[in-house]
Amino acid sequence: MRIATYNVNGVNGRLPVLLRWLEETQPHVVCLQELKAPDEKFPEEAIKAAGYDAIWHGQKSWNGVAILSRVGKPQETQRGLAGDPEDTHSRYIEAAVGGILIGGLYLPNGNPRPGPKFDYKLRWFERFAEHAQGLLDTKLPVILAGDYNVMPTELDVYKPERWTDDALFAPEIRHAFAALVSQGWTDALRHLHPAETIYTFFDYFRNAYVRNAGLRIDHLLLSPAIAPRLDSAGTDHHVRGWEKTSDHVPTWIELKD
DNA sequence: ATGGCTGTTATAAACAGA
């Protein structure tokens, strides 16, 4: 079974690319981020016609997450995170699908740092880590997939020295990511490719894709109950070269049956 | 260091992204 995460950067503007990619790679389950559309503008019909049931948590202009499945309709278990009634951003959705509990997330960017946006990122991360611990406690097979907006190590940044003060690579946020993983999660891509340069994002600026000036910020974390099924992992790097493409690259894992 | 690009929309003397 193939499970993918893809920050589409606008689900309607990106619809031709999304459909082309779905048809080409046929993932069983997909977590989408940055829908940039309210619930009523989610392209449900086109995605249904492509063979996918979906649930989504949208928002006008910004954020927005969804879970797509061609192995049965996702059974939603949660949307949003507990711990902050003031938080209006649509950044988390969770469902049981294909015998796995899938959490799809879009962690805040957090720039500029320092500032209120970075504070919000750290607080959101704390709430997420608390929820993640609760999921681990269930002993269920769980996958937390999405755009974490964190490069975990220097291997995940094309020029680490330029990113040390950035909200995606600052010590506080790298520590938060490391602490999350140390709860017992497996970072699937890094686990299978411990020394390889793998990027999931290339800026639209300055020809970043062609220069391979990328970041690894989209991750799939596996709970102990499912980690033994991990078979392969990678990115659909070529999709970044398509016309009208997202700045992120689809990122996936393959599980043994 | 700066500015480069893209999607969404209050269509910009805008904002946010990473």
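Letters A, B, ... mirror the listed sequences (proteins, then strands); counts begin at 1.
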Once side chain to side chain donor-acceptor pair (under 3.5 Å) is applied, do any residues pair with A/T164, and if so which ones, sequence neighbours excluded?
none

Which is more 5' along DNA chain B, the nucleotide nearest A/G13 or the one nearest A/P108? Just name the residue.
A/G13

In terms of side-chain geometry, is the basic nitrogen of A/R190 or A/D156 positioned less than 4.0 Å from the acidic oxygen of its partner?
yes

Results of side-chain contact (heavy atoms from CB on, under 4.5 Å) for A/T77 - residues two or more places apart only:
A/E94, A/L101

Describe the nucleic acid contact of A/D166 in one word from base, sugar-phosphate, nothing, applying a heavy-atom distance below 4.0 Å.
nothing

Take the protein atom CG of A/N63 and the nucleotide atom P of B/dT8, then report the distance between them rounded to whole Å.
13 Å

Between B/dC5 and B/dA10, how far apart are the P atoms? Round to whole Å, please.
24 Å

With sequence neighbours left out, the residues meeting side-chain contact (heavy atoms from CB on, under 4.5 Å) with A/H238 are A/E24, A/D236, A/W242

Say we look at B/dA13 and B/dA18: how far apart would their P atoms be, to the nearest angstrom?
25 Å

Across all chains, not counting sequence neighbours, the side chain to side chain donor-acceptor pair (under 3.5 Å) partners of A/Q183 are A/W185

If you compare all heavy atoms of A/L15 against all heavy atoms of A/A46, which two are closest, and at what distance to 0.1 Å?
CD2-CB, 3.9 Å

Taking side chain to side chain donor-acceptor pair (under 3.5 Å) as the test, write out the residues that go with A/R14, two or more places apart.
A/Y204

What's the CZ-P distance between A/R14 and B/dC5, to the nearest Å?
16 Å

Side-chain N or O of A/K244 closer than 4.0 Å to phosphate OP1/OP2 of B/dG7:
yes

Do any side-chain atoms of residues 191-202 of chain A form donor-acceptor pairs under 3.5 angstrom with protein atoms, and if so which ones, sequence neighbours left out?
from: A/H193; atom 1: ND1; to: A/E196; atom 2: OE1; distance (Å): 3.0
from: A/H193; atom 1: NE2; to: A/A233; atom 2: O; distance (Å): 3.0
from: A/Y199; atom 1: OH; to: A/Y158; atom 2: N; distance (Å): 3.4
from: A/T200; atom 1: OG1; to: A/I217; atom 2: N; distance (Å): 3.1
from: A/T200; atom 1: OG1; to: A/D218; atom 2: N; distance (Å): 3.1
from: A/T200; atom 1: OG1; to: A/D218; atom 2: OD2; distance (Å): 2.6

Whole-Å gap separating C1' (B/dG17) and CG (A/L107):
14 Å

Between B/dT6, B/dA10, B/dA18, which nucleotide gets closest to the side-chain atoms of A/K60?
B/dA10

So does A/H248 get a side-chain nitrogen or oxygen closer than 4.0 Å to the phosphate oxygens (OP1/OP2) of B/dG17?
no

Under 4.0 Å between any heavy atoms, over every strand shown, what does A/D147 touch: base, sugar-phosphate, or nothing? Just pick one.
sugar-phosphate

Whole-Å distance separating the CD atom of A/E243 from the C1' atom of B/dC5
14 Å

Taking the chi torsion of B/dA13, is it syn (within 90° of 0) or anti (everything else)?
syn

Pair A/Y92 + A/H131: ring centers closer than 6.0 Å
yes

Pick base, sugar-phosphate or nothing for A/Y106, based on heavy-atom distances below 4.0 Å to the nucleic acid.
sugar-phosphate

Identify, with sequence neighbours excluded, every residue that meets side-chain contact (heavy atoms from CB on, under 4.5 Å) alongside A/A145.
A/T5, A/C31, A/I143, A/L220

Using a strict threshold of under 4.0 Å (side-chain N to carboxylate O), is an ion pair present between A/D257 and A/R229?
no

When we call it a touch if two heavy atoms are under 4.0 Å apart, what does A/D218 touch: a base, just sugar-phosphate, or nothing?
nothing

For residues 195-211 of chain A, which residues have at least one heavy atom under 4.0 Å from DNA chain B?
A/F201, A/Y204, A/F205, A/R206

Can you tell me, in whole Å, how much space there is between the P of B/dT8 and that of B/dG3?
26 Å

Given atom CG of A/N149 and atom C1' of B/dG17, what is their separation to the nearest angstrom?
8 Å

Figure out the CG/P separation between A/D165 and B/dT2, and round it to whole Å.
13 Å

Starting at CZ of A/R162 and ending at C1' of B/dT2, how long is that distance when rounded to a whole Å?
11 Å

What stem regions, each of at least 3 consecutive Watson-Crick or G-U pairs below 3.5 Å, can be found for DNA chain B?
B:5-8 with B:14-17

Rounded C1' spacing from B/dA1 to B/dG7 in Å:
26 Å

Not counting sequence neighbours, list each pair that qualifies as a ring pair (Phe, Tyr, Trp, His ring centres under 6.0 Å) and has a residue in residues 17-44 of chain A.
A/Y6-A/W21, A/F42-A/W56

Side chain to side chain donor-acceptor pair (under 3.5 Å) partners for A/R113, two or more places apart:
A/E172

Distances under 3.5 Å between protein N/O atoms and the N/O atoms of nucleotides 14-16 of chain B, please, pair by pair.
none

Is A/N109 near enough to B/dA18 that one of its side-chain N or O atoms lies under 4.0 angstrom from OP1 or OP2?
yes

Please state the P separation for the pair B/dT6 and B/dT2 - nearest whole angstrom.
23 Å

Of B/dA18, B/dT8, B/dG7, the nucleotide closest to the side chain of A/N9 is B/dG7

